[in-house]
Structures are given as C-alpha cells and as structure tokens.
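Following: one structure in structure tokens, then a few remarks.
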2 protein chains.
Amino acid sequence: MSTDTTRSAILTAAERLYAERGFGDVTLRDIVATAGVNLAAVNYHFGSKDELIAELFVTRSIVTNRQRLNELKAAESAGGGRAPIEAVLRALVGPTLRGCLGPDSQRSDAARFMIRAAIETIPPIRKIKNREIDHLRKFAAAMRRSLPGKPDAEIYWGLHFALAMAQQTVRDSERLLRLSEGACDLDDVDGVIDRVVAVASLALKTNMTGEAEAAERAEARKR
Amino acid sequence: MSTDTTRSAILTAAERLYAERGFGDVTLRDIVATAGVNLAAVNYHFGSKDELIAELFVTRSIVTNRQRLNELKAAESAGGGRAPIEAVLRALVGPTLRGCLGPDSQRSDAARFMIRAAIETIPPIRKIKNREIDHLRKFAAAMRRSLPGKPDAEIYWGLHFALAMAQQTVRDSERLLRLSEGACDLDDVDGVIDRVVAVASLALKTNMTGEAEAAERAEARKR
DNA sequence: GTCTATAGACTGATAGAC
DNA sequence: GTCTATCAGTCTATAGAC
C-alpha cells in the first residue's frame, strides 16, 4: 500500500468516525482499524492525534473560505468594486450555512465533521480558528466599502453578530428545532440565510450609535 | 474533615482547575491533589468525573436561570403582566453576559468556568443544556405577550438569534477583540447587552415575513 | 466518610526491527 | 513506510482497613 493511500485512508476513516461519534469517543485505534492500517502510521504521517484533526479541519475550512471569497468577489465585481451590504454578508454566512444545514448535510461526512467541529470545540480546532482573523478582515474591508462612513466598531459588531447567528444556528439547530416544535424550518437553507442576512444588515443600516439612539436605549434599560 | 468540606473542596478545586486549564487537560488526580483529598472521594461523592462536571455546571446554571426569571418577572410586573420586548430580551441575555463578560469575570473562577463550558462543550454539559428548553419556553411565552399577533416562528427565531449573539460573544470574545483591535469594547458589559437587545428587538419588530419583504429579500439574493 | 491499595482496561505516543 | 512491542499515563471501579 503506497504512502498516499495509507494517508488518505486514515483521513477518510477519521473524518467519518469523528462525524458519526464525535471527537471524544473516537480513539486512534478505532481509526486505524477502520482504515485498515497500522497504529504507528498515524504518528508517522501526522505526528499526533491533534495534528490529524487539524489537517481535517484545515482542509475543510479552506474550501469554505474559498467559496466565501469567490462569492464576495463576484458580488463586488457586479457592483463595480462595491457590493450592497446584504451581498457581502451573504457571501460571509452563505457557504457555512449551506455546508452545514439542510437535508443533504446529513449524508456528507465532511458536513457532519464540520458540525461536530462547531459543537465540540477542542484545542487543535480552536487554535486554527484563531488564525482565520486575516480572512475575516477581508470581509470587514468589503463591509466598509458597502457602508462608507460607518464607524469601524459598528462594522466589527455587525460582522460578529452575523457570524454569531450563522454559527449558533449550526451549533444549536437541535435546540431551536425542539423549542419551536417544527415552526422554524432549518431545511430551508436559503430561508435561514435570508434571515441571518436580513437581521445583520438591518442592524448595520440602523444608526445605533447616535446620541438619540443611545439615550433611547438607556431609557429602555430603566424600564 | 467532615463530609461537606471534602465535597466542597473537590468542587472548588475542580472549578478552579477547569477554569484555568480547560476540561481536556485536567485529570481527577489533579483535582484531588489540589483539593487535598483522596482520589476515591470523587467517586464516593459524585459517582463519576462527568457527574462532578455536571454538578458544577448545574449549580452555576441555576443561578443564571434564576436571575433571568427574576428580571423577567420584575419587568412584567412593572408593566402589568406585559413587558416591552426589549425588557424580555434583556432579562434573557443580561445575566449570561454580565456573568461572563467584563473585567471582573477574569477573577472569578465561576465565570471562567462558565466561559470554558461555553467554549469546550463536552458531553455531560451538552446533555444538561438540552434540558433547558423548558426554561427558554417561559421567555418565548413572555415574548408572545410582548408582541401579540407575531407568528410563533418569528418569536423563536428572535429568541434564538438573541441567544446566539450573546453566547457567541462570550465564546468568541477573543476573536472579536483581535479582529477589531480594541474598537469593540467588551468590558462595557451594559453596552454589549444594549447592542444585543437592540439588534434582536429590531429584528423582531420589523416585519420580515410579509410578501413585500420576502420579495425584497429574494431580489437582494439575485444581486 | 475517608482512606490505601489495587485491579483491569484503555489511551496517545514511540523505539527499533524490518 | 510499515510493523511489533511497549511505555507511561489515564480512566472507572472496588475491596477492605479505619
């Protein structure tokens, strides 16, 4: 068995098992048994269990990030270098939600792996997430082009809230389904994307930093 | 050493170590060494490692949930049984954000433990979170009283997004701080609560289910 | 209730033969 | 690159002295 097939077999088996059973319940011995390779091969090819998980996560993240940037570029090109804020936010949250939500995501090991990664955040994955700030900065810049004059803090809060709604919907989809008893349809991925984009862009378009608004909020706080 | 002090010593030591180093890096032997008690005492008092973690999490959750309900009750009493939607949302997200954000939370083991629990979601904690749906139902009911005629799905999405923004701000505060390079002030807890409440109530007050709005969103999707 | 001592199984990681 | 064998660590769980 050549180098590449052993390596690939480990990656494929690991992704499937992590997707099915989560990170805590899968041992290296489970993975090598499924892959039909030797235990020491994991350390030889990846160095450690954490690095194996990191490789899986990085591979999948790159795909999502590229989709995001492609959508952003397409939207900005169509608008002559400036896209409406809705389009920028859609490029940001669309790929993640399409990848992790909807009926199809049940069948893809890659999608279920990324859902697990969103739920059971373990150290090797967290370290990688902390490195994606440069990627997000490109979206902050595009948002600034969409909303010239908007204070930076507002841009960052809007970006943060958009990601928060998207990621928490992936993380806690089960809770929302049970709470709403089916009233919220998570299989309608485009509908979910519309909602997240609508709320985030509504927040960004509304002036929430002016004195009048701050006073109103302070008033509401007292009530 | 009496029963209670041993039990308490284990809880105190466990909370501090989990807060400092996370769940994956702390063994029962670390805990009993810090607590100055015997290894077998953990099994005697808690049954298992997971039940020890569950006890810690439940204890802290009860405090937060009670604060939430107290604030909700106070707001609804002041309004004669119906509170403005802002007040309901504030009661929902305020206790969590006040507990986990701000300069003080750095010094409290309890706060740092809950932040860890929000970040490193492990099975025993996830099981408990799944049981808090009944608690959230009380807020859905209060929101329905605040916004009579609002479709249930809109209520649930609003509740979900409010929690998403609050919880993700706790989870990913470091990312937001680094991304914004200090432009977003997470030490201003009241300001953060204001923002979350403002965005969520804005989304709930705006009609996003009407035909005109759906058409507009469909249009925006094409652009 | 607390402790010592220990069982038995499992984990990730690695040295060294091939 | 692959394998065997093994290390040092972890876990739950328990028997039995005090």
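Just so we're on the same page: letters track the sequence lines, and every chain starts at 1. Values reported hereafter were calculated over all heavy atoms of this structure, with side chains retained and with hydrogens, waters and symmetry mates removed.
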Identify whether the distance between the nearest side-chain nitrogen and carboxylate oxygen of E174(A) and R126(B) falls below 4.0 Å.
no
Testing dT2(C), dC11(D), dG12(C) for proximity to the side chain of T27(B), the answer is dC11(D)
From the candidates dG1(C), dG12(C), dA15(C), the one with an atom nearest any side-chain atom of K49(A) is dG12(C)
I10(A) CD1 to dG12(C) P, in whole Å, measures 13 Å
Apply salt bridge (Lys or Arg N to Asp or Glu O under 4.0 Å) to the pair K129(A) and D172(B), showing each step before the final yes or no.
CA-CA 10 Å; K129(A) 281 187 179 167; D172(B) 268 345; over 6 Å; no
Atom OH of Y44(A) and atom P of dA17(C) are separated, to the nearest Å, by 17 Å
Does a nitrogen or oxygen in the side chain of N43(B) sit under 4.0 Å from OP1 or OP2 of dT12(D)? no
Quick one: is S48(B) getting a side-chain N or O under 4.0 Å of the dT12(D) phosphate, OP1 or OP2? no
Rounded to whole Å, the CZ-P distance (F23(A) to dT11(C)) equals 17 Å
Atom CD of E51(B) and atom P of dT12(D) are separated, to the nearest Å, by 10 Å
Examine dC11(D): is either OP1 or OP2 under 4.0 Å from a nitrogen or oxygen in the side chain of R29(B)? Give yes or no.
yes
Strictly below 4.0 Å: does N38(A) bring a side-chain N or O up to OP1 or OP2 of dT4(D)? yes
Open item on the list: Under 4.0 Å, counting only non-hydrogen atoms across every strand here, what does L39(A) touch: a base, just sugar-phosphate, or nothing?
Closed with: base
d(I122(A) CD1, I53(A) CD1) to nearest 0.5 Å is 4.0 Å
- prompt: Looking across every strand, which nucleic acid part, if any, lies under 4.0 Å from A41(A) by heavy atom: base, sugar-phosphate, or nothing?
  reply: nothing
Worksheet item: Ring centres of Y156(A) and F161(A) under 6.0 Å apart?
Response: no
L52(B) CG to dT12(D) C1', in whole Å, measures 14 Å
Looking for any heavy atom pair under 4.0 Å, which part of the strands does G47(B) touch: base, sugar-phosphate only, or nothing?
sugar-phosphate
Which of dT2(C), dT14(C), dT2(D) is nearest the side chain of H45(A)? It is dT2(D)
>> Is it the case that the ring center of F113(B) lies less than 6.0 angstrom away from the ring center of F23(B)?
In response: yes
